[in-house]
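Take a look at the structure set out below.
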Amino acid sequence: MMHPDQIYLDIKIVTQLIAKQFPQYQEMEIKQLNTQATTSAIFRIGTNLVAKFPLQKIDEQDSYNIVQKEALAIEEFFTYANFPCSKVIGIGKPSPLYPMSWMLQTWLEGDIATPHGFSSSVSLANDISSLITSLRSLNVNNRTFDGQGRGGNLADHDQWISTCLEKSKALLDTCTLGALWEKFRILPKVDHDVMSHKDLIPANILVKNNRLIGLLDCGGFGAADPALDLVSTWHLFDKERRGIVRRNLNSSDLEWKRGAAWAFQQAIGLVWYYETTNPAMSELGRSTLNRIMNDVEI
């Protein structure tokens with residue numbers, strides 16, 4: 001269990017949910033996937049579908065609103081982004097078997113990116129640049145950051161960073177990291193919000209032959225700080241490949257440092273929170289923090 005309020009799910013429960021709510025798929029084989037996902041349990045349905053169940057229990061109406069919002073965001077991403085994502089097939093309803101709304105999507109082929117496996121890939125760096133450029137070019141339709149998660153004001157995350165530094169004393173050089181956050185938190189936001197994937201971690205990036213071929217977890221797609229999607233460069237690439245993305249995007253010094261700040265905010269929580277329950281995510285946090293700390297310019 002990764003979370004204290006995590007809901008238990010297994011193949012038997014999911015099989016019953018599919019049979020009751022999507023009977024047209026009930027004869028398909030169901031497999032629980034061992035993924036790095038931290039907020040959802042993922043089950044493959046046959047060869048072309050996947051079911052995604054939120055892990056942490058919340059109010060039934062709230063869960064419906066969140067899943068509906070995610071479905072709309074995924075549809076928009078699917079329609080306008082220059083790389084594909086899974087398409088929503090249907091929304092599952094709460095039931096005695098599982099108390100919240102859930103989502104059925106198409107299966108998207110590809111290999112999950114890793115923080116070290118593609119660190120020197122020029123082609124992937126160019127593809128990430130192309131993705132971010134494409135998203136930034138989309139019409140925000142007067143939307144601004146909705147206040148959920150990362151993508152607004154850095155200083156709004158002070159309390160979370162303080163918690164992470166306290167929890168990480170035995171794991172990280174928290175004195176150096178705390179001093180670095182003091183520099184990050186005052187970086188001003190000066191650019192207008194743009195459309196952003198909002199969670200470009202390696203686990204959400206599908207690759208094949210060192211090329212980007214698709215994106216996962218696109219339910220957060222929305223308006224945010226233009227620097228937010230730059231977290232991908234710190235999660236994925238060495239300094240030279242990060243430089244390729246920066247040049248392709250013509251990122252200013254401020255934008256580039258804010259991208260590092262958002263990557264820092266994400267990474268520092270991964271190390272301690274998932275130390276024993278999701279070691280791959282914990283190691284991603286360490287890797288990203290090391291890249292930031294070892295970057296002379298930052």
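Throughout, numbering of the chain's residues begins at 1 and tracks the sequence.
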Keeping the roles fixed (side chain from [X], backbone from [Y]), state whether a donor-acceptor pair exists under 3.5 Å.
X	Y	value
R185	D158	no
T288	G285	no
R291	W234	yes
S168	L171	no
D59	Q61	yes
S123	R211	no
S282	V271	yes
S287	E283	no
T106	S86	no
N141	R143	no

Count the heavy atoms belonging to other residues, nucleotides or ligands that lie under 6.0 Å from [atom1] of [X], then report whether that count exceeds 12.
X	atom1	result
N34	CG	no
N209	CG	no
K239	NZ	yes
Q21	CD	yes
Q32	CD	yes
Q24	CD	yes

Distance check, rounded to the nearest 0.5 Å: [X] atom [atom1] versus [Y] atom [atom2]?
X	Y	atom1	atom2	answer
I11	I30	CD1	CD1	7.5 Å
S95	I13	OG	CD1	9.5 Å
D225	E255	CG	CD	7.5 Å
Q266	L284	CD	CG	7.0 Å
I7	I58	CD1	CD1	8.5 Å
T174	K167	OG1	NZ	14.0 Å

Linking I/L/V/M/F/W/Y whenever their side-chain heavy atoms sit closer than 4.5 Å, directly or via other members, would [X] and [Y] fall into one cluster?
X	Y	answer
L104	I66	yes
I213	I128	no
M281	L177	yes
L108	L33	no
I74	M100	no

Below 4.5 Å, heavy atoms only, C-beta onward: do [X] and [Y] meet side chain to side chain?
X	Y	value
W256	T233	yes
Q265	L154	no
I112	L206	yes
D199	H197	yes
I89	Y25	yes
L200	L215	yes
I292	D295	no
D253	R246	yes

Does the distance from a Lys or Arg side-chain N to an Asp or Glu carboxylate O, for [X] and [Y], drop under 4.0 Å?
X	Y	value
R136	D191	no
K57	D62	no
R242	E297	no

Assess the residue pair V231 and I201 against the criterion (side-chain contact (heavy atoms from CB on, under 4.5 Å)); give the C-alpha distance rounded to whole Å, side-chain angles, the decisive distance to 0.1 Å, and a yes or no. CA-CA 7 Å; V231 299; I201 60 173; 5.6 Å; no

Which heavy atom of [X] sits nearest to which heavy atom of [Y], and what is that distance?
X	Y	value
P202	L236	CG-CD2, 3.9 Å
S129	L249	O-CD2, 3.7 Å
H157	G149	CE1-O, 3.4 Å
G151	F145	O-CG, 3.6 Å
Y80	S134	O-OG, 4.4 Å
M103	A71	CE-N, 4.0 Å

Got a list of side-chain donor-acceptor pairs under 3.5 Å for residues 42-53, not counting sequence neighbours?
{"from": "R44", "atom 1": "NH2", "to": "T47", "atom 2": "O", "distance (Å)": "2.9"}
{"from": "K52", "atom 1": "NZ", "to": "D217", "atom 2": "OD1", "distance (Å)": "2.9"}

L135 vs F221, side-chain contact (heavy atoms from CB on, under 4.5 Å): CA-CA, chis, key distance, verdict: CA-CA 9 Å; L135 298 183; F221 179 58; 4.0 Å; yes

Would you check, one step at a time, whether the test side-chain contact (heavy atoms from CB on, under 4.5 Å) holds for W272 with L172? CA-CA 9 Å; W272 67 270; L172 300 168; over 6 Å; no

Please evaluate residues F22 and W102 with respect to the criterion ring-ring contact (aromatic ring centres under 6.0 Å, His included), reporting the C-alpha separation (whole Å), side-chain torsions for both, the decisive distance (0.1 Å), and the verdict. CA-CA 12 Å; F22 298 97; W102 50 283; 5.6 Å; yes

Of all residues at least two apart in sequence or in a different chain, which pass the side-chain hydrogen bond (donor to acceptor under 3.5 Å, both in side chains) check with K189?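 K189 satisfies side-chain hydrogen bond (donor to acceptor under 3.5 Å, both in side chains) with D193 only.
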
Given side-chain hydrogen bond (donor to acceptor under 3.5 Å, both in side chains), test D229 with W262 step by step and report yes or no. CA-CA 9 Å; D229 278 346; W262 288 122; over 6 Å; no

If the plane angle is over 60° it's perpendicular, under 30° parallel, otherwise tilted; pick one for F264 and W181.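 It falls in the parallel class, under 30°.
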
Please lay out, stage by stage, how I91 and K93 fare under the test side-chain contact (heavy atoms from CB on, under 4.5 Å). CA-CA 7 Å; I91 303 297; K93 300 176 182 178; over 6 Å; no

